[in-house]
Amino acid sequence: MKYIDEFRDGVVAKKIAENISLEANQARSYHLMEFCGGHTHAISRYGITDLLPTNVHMIHGPGCPVCVLPIGRVENAIQLAQIPRLILCSYGDMLRIPTANGMSLQKIKAQGADVRMIYSSADAVKIAQQNPHRQVVFLAVGFETTTPPTAVTIQQAQALGLTNFSVFCNHVLTPSAISHILQSPEVRQLGTVPLDGFIGPAHVSTIIGGQPYEYFTEEFQKPVVIAGFEPLDVMQAILMLIRQLNEGRAEVENEFTRAVLPTGNVKAQLLVAEVFELRRTFEWRGLGLVPYSALKIKSNYAEFDAEQRFQIPTLSIADNKACECGAILRGVKKPQDCKIFGTVCTPENPIGSCMVSSEGACAAHYSYGRFRDSNVSSRKANA
Amino acid sequence: MCLAIPAYVEQLLADDQAMVNLGGVHKAISLALVEDIMVGDYVIVHVGYALQKLDPLEAKQTLIMFNEMSKLADEVNKPTTK
Ligand code: SF4
């Protein structure tokens, strides 16, 4: 398939890997964070870590929308779905997230609640049109990529004069999460795992462009390379980061020029600015409260805001004490460091956030990386 | 849920929609977030919306960049003439 096969070519991957090995300075190490869950998935699925020299470390960041949604908000959604005759719609992955007591949207659906999995936010509007006598709530989640579609949906509902449609908004922002990680006391104090640079997200950047990352290069002197989702894109971005670090540069570079413009998608940005405004603070699962890191619906569109229409209490529910997601998301620990990884906590029965979606660090490692770990250790044991 | 592949625009439909081919799967998507899309373009699709058009020339450039040998590689592989 065009734009896919040629970006997955194994021969070229080896070539880029060779360049990386040649250019990575043996006298130092490189700790690079891929912010986005799509990259985490690609790195695990294509075994990119195996192609990297041992002094180049990939750290999985918090860019998985399912993983970072706080459990309190999932609980809110479950309570909403139990309002008689209400229809709650969301993207498929959301339905599986378990709460502290093992409940999930999927489970209450099995018990009779009307929870519907949708592919696109536009489907939620259609459901509202088809069910004029029932309240329809769209549980909206995600980063800058899913926010513009939600904005379109709200405007559409307004244009159609729908009175039974609202959005439970949980949209979050990438740049604020990156700065939060860089400023977090763990990363500052422990200092054991310095983050040297970032692979910038692919789809998020198609919307926001390269400019928002300039803050990190200026304020924190960390290079950022925006990369596409295919394995060769990720490898080339790693090479570009190594080159910047070797040359003492900290710039925003773009590997994904085939889809990311420096200014991003201005049409989408204007739409988002029209419908949403910043929240002063928002809880991220694994990161805690992050200032100015999420969006809420503007008062002009209050009638489509589920938080205005329904009583939605603020719930803060802590993760299991054994869960190391917070440290993993900040690059301080690895999934294997968690005592319950792969035993109590598995993709079928996720205890913490990083195990919930295939883009989470623990789930990606569970699916693709754990056998490599055991191979490595058995090889070591046999040696 | 961010995983996505470039989609080929097969047909423009009413209401700012388009029929795309995603690796053999046909789907109607929204063009509300993009401008000037034509049949034959490739777009990045996320939750049913095209987010951006792919630039074929830039894609070609990127593939060329992938194939560039590191300058260091040349130095290492340089035949020693001494
Ligand atoms: S394995 Fe589970 S409990 Fe442990 S850090 Fe990962 S998500 Fe948390």
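Basis for what follows: all heavy atoms, side chains included, without hydrogens, waters or symmetry-related copies. In the text below, chain A, chain B and the rest are named by the order of the sequence lines, each starting its count at 1.
Residue B/D15 holds its CG atom at 8.5 Å from CD of A/Q156, rounded to the nearest 0.5 Å.
Every residue meeting the side-chain hydrogen bond (donor to acceptor under 3.5 Å, both in side chains) condition with A/Q244, not counting sequence neighbours, appears here in chain and number order: A/E253.
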### Message
Does B/Y42 form a side chain to side chain contact (heavy atoms under 4.5 Å, CB included) with A/R258? I'd like the steps, not just the answer.
### Response
CA-CA 10 Å; B/Y42 279 83; A/R258 62 189 186 279; over 6 Å; no

### Task
Decide yes or no on side chain to side chain contact (heavy atoms under 4.5 Å, CB included) for B/I44 and A/F256, but give the supporting numbers first.
CA-CA 12 Å; B/I44 296 216; A/F256 198 31; 3.7 Å; yes

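For CE of A/M117, the number of neighbouring non-hydrogen atoms (other residues, nucleotides, ligands) closer than 6.0 Å is 12 at most.
A/D233 touches chain B through backbone and side chain together, each having a heavy atom under 4.5 Å away. In this structure, chain A has heavy atoms under 4.5 Å from both the backbone and the side chain of B/V34. Heavy-atom distances place the side chain of A/L271, and not its backbone, under 4.5 Å from chain B.
Considering every non-hydrogen atom in both A/P149 and B/V47, the closest pair reads CG-CG2, 3.8 Å. Summarising the geometry of B/L31 relative to A/K267, their closest heavy-atom pair is O-NZ, 4.2 Å, with the distance given to 0.1 Å.
When the candidates A/I207, A/I4, A/L261, A/L232 are compared by the number of heavy-atom contacts under 4.5 Å with chain B, A/L232 comes out ahead. Between chain B and the residues A/I16, A/T206, A/N265, A/L270, the most heavy-atom pairs under 4.5 angstrom are made by A/N265.
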Just distance, no hydrogens or angles: give the donor-acceptor pairs under 3.5 Å from side chains in residues 49-66 of chain B, sequence neighbours left out.
| unit_1 | atom_1 | unit_2 | atom_2 | d |
| --- | --- | --- | --- | --- |
| B/K53 | NZ | B/D36 | O | 3.2 |
| B/D55 | OD1 | B/L57 | N | 3.0 |
| B/D55 | OD1 | B/E58 | N | 3.3 |
| B/E58 | OE1 | A/T257 | OG1 | 2.9 |
| B/T62 | OG1 | B/E58 | O | 2.9 |

